[in-house]
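I have placed the structure first, in the form of structure tokens, so that the comments after it can refer back to it.
Throughout, residue positions are numbered sequentially from 1 according to the sequence presented.
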Amino acid sequence: MSQQPKDPVRAHLKLSLAALERANDDPALLASARAIAAAIINALRSGNKILLIGNGGSAADAQHIAAEIIGRYKQDRPAYAAIALTTDTSALTAIANDYGFEQVFARQVEGLGARGDVLLALSTSGRSSNILAALRTARERGLVTIGFTGSKGEALGALCDHLLVSPSDDTPVIQQIHLSVVHGICDEIEQTMMREGPRK
């Protein structure tokens, strides 16, 4: 008797659900998320901006997160400053051509970042050379550094003031957890900023 073929969609949903439940039950992850929200709120209330970076799917997530912050998450409110450094094709290709792909984000952080800004770096592996280079530049310039990675990327923490580790080593699942957690962080940012108002 032949076995029924495995349903890839259901299998992925089951894997994702299990990872999200692990994340929801992870005190260290939840504490990191709260600390990251507080750091971003502090920067925005002080008139600073959020810079976001990532490669591939994480580049798309960087753009998504920036849109939630500068546009809105759920509520009509003032715009908050957020820039995804993954979107300017002229800058990306010029920097890659002239300085090498490792510098595509570091060079932008050098030009756009200021002390007190936040660099939010998404790297599922925690080993992407262009992400590490950007975090080093951010540290040198006095930015607050935040990393999002997977269970095998904790080495990224050496360059981050705050590190959120997804309890998975599967890239798509890591990215799903990142986005789920970030949506919660966006909600916290929006609610707190609207409740407290801008710092005088």
- Message: Ile189 vs Leu44, test: side-chain contact (heavy atoms from CB on, under 4.5 Å). Steps then yes/no.
- Response: CA-CA 9 Å; Ile189 292 167; Leu44 293 174; 4.0 Å; yes
- Query: Does the pair Leu143 and Val109 meet the rule for a side-chain contact (heavy atoms from CB on, under 4.5 Å), with working shown?
  - Reply: CA-CA 9 Å; Leu143 279 73; Val109 170; 4.2 Å; yes
- Task: Please test His183 against His64 for ring-ring contact (aromatic ring centres under 6.0 Å, His included), starting from the C-alpha separation and ending with a verdict.
- Result: CA-CA 10 Å; His183 278 150; His64 183 151; 5.1 Å; yes
- Tell me, with the steps shown, if Ile65 and Leu122 meet side-chain contact (heavy atoms from CB on, under 4.5 Å). CA-CA 11 Å; Ile65 298 161; Leu122 300 134; 4.1 Å; yes
- Task: Check the pair Ile50 / Ile83 against side-chain contact (heavy atoms from CB on, under 4.5 Å), numbers first and verdict last.
- Result: CA-CA 6 Å; Ile50 316 304; Ile83 307 167; over 6 Å; no
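Nearest heavy-atom pair across Ala19 and Val173 is CB-CG1, 3.3 Å. His162 and Ala35 get closest at one heavy-atom pair: ND1-CB, 3.8 Å. Nearest heavy atoms, Cys160 versus Leu135: SG-CD1, 4.0 Å. In terms of heavy-atom proximity, Gly116 sits nearest to Ala43 at O-CB, 3.6 Å. Residues Gly54 and Thr86 share a closest heavy-atom pair of O-CG2, 3.4 Å. Taking all atoms of both residues into account, the shortest heavy-atom contact from Ser151 to Val165 is CA-CG1, 3.8 Å.
A distance-only check finds no donor-acceptor pair linking the side chain of Lys152 to the backbone of Gly126 [under 3.5 Å]. Not a single donor-acceptor pair under 3.5 Å links the side chain of Thr137 to the backbone N or O of Glu110. A distance-only check finds a donor-acceptor pair linking the side chain of Ser32 to the backbone of Leu163 [under 3.5 Å]. Asp98 contributes no side-chain N or O that, together with a main-chain N or O of Ile95, makes up a donor-acceptor pair within less than 3.5 Å. In terms of modelled atom types and a separation under 3.5 Å, the side chain of Asn130 and the main chain of Val104 share no donor-acceptor contact.
In this structure, the side chains of Ile177 and Leu20 come closer than 4.5 Å at one or more pairs of heavy atoms. Between Val144 and Leu119 there is no side-chain heavy-atom pair separated by less than 4.5 Å.
Cluster annotation: Ile36 and Ile131 are assigned to distinct hydrophobic clusters (Ile/Leu/Val/Met/Phe/Trp/Tyr, side-chain heavy-atom contacts under 4.5 Å, transitive). Cluster membership check: Leu30 shares its hydrophobic cluster with Val181, using side-chain heavy-atom separations under 4.5 Å among Ile, Leu, Val, Met, Phe, Trp and Tyr. Hydrophobic cluster membership differs between Ile69 and Leu112, with clusters built from Ile, Leu, Val, Met, Phe, Trp and Tyr side chains linked at under 4.5 angstrom. Note on Ile41 and Tyr73: separate hydrophobic clusters, where clusters join Ile, Leu, Val, Met, Phe, Trp and Tyr whose side-chain heavy atoms are under 4.5 Å apart, directly or indirectly. Hydrophobic clustering keeps Val182 apart from Leu51 (ILVMFWY residues linked when any side-chain heavy atoms are closer than 4.5 Å, directly or through intermediates).
Residue Leu156 holds its CG atom at 8.5 Å from OG of Ser125, rounded to the nearest 0.5 Å. Between atom CG of residue Leu120 and atom CD1 of residue Ile146 there is a gap of 5.0 Å, rounded to the nearest 0.5 Å. Here the straight-line distance linking atom CD of Gln175 with atom CZ of Phe148 works out to 13.0 Å at 0.5 Å rounding. For the atom pair CG (Leu85) and CG (Leu52), the distance works out to 7.5 Å, reported to the nearest 0.5 Å. In this structure, the separation between CG on Asp61 and CD1 on Ile174 is 11.5 Å, given to the nearest 0.5 Å. From Arg45, atom CZ reaches atom OH of Tyr80 across 10.5 Å, with rounding to the nearest 0.5 Å.
The list of salt bridge (charged side-chain N to carboxylate O under 4.0 Å, His left out) pairs with a residue in residues 11-36, not counting sequence neighbours, is empty. The salt bridge (charged side-chain N to carboxylate O under 4.0 Å, His left out) contacts involving residues 179-190 comprise Arg77-Glu190, where partners must be two or more places apart or lie in separate chains.
Using modelled atom types, one finds a donor on one side chain and an acceptor on the other under 3.5 Å when comparing His178 with Ser166.
Using a 4.0 Å cut-off between a side-chain N of Lys or Arg and a carboxylate O of Asp or Glu, Asp161 and Arg139 qualify as a salt bridge.
Residues forming a side chain to side chain donor-acceptor pair (under 3.5 Å) with Ser16 (at least two apart in sequence, or on another chain): His12, Gln176.
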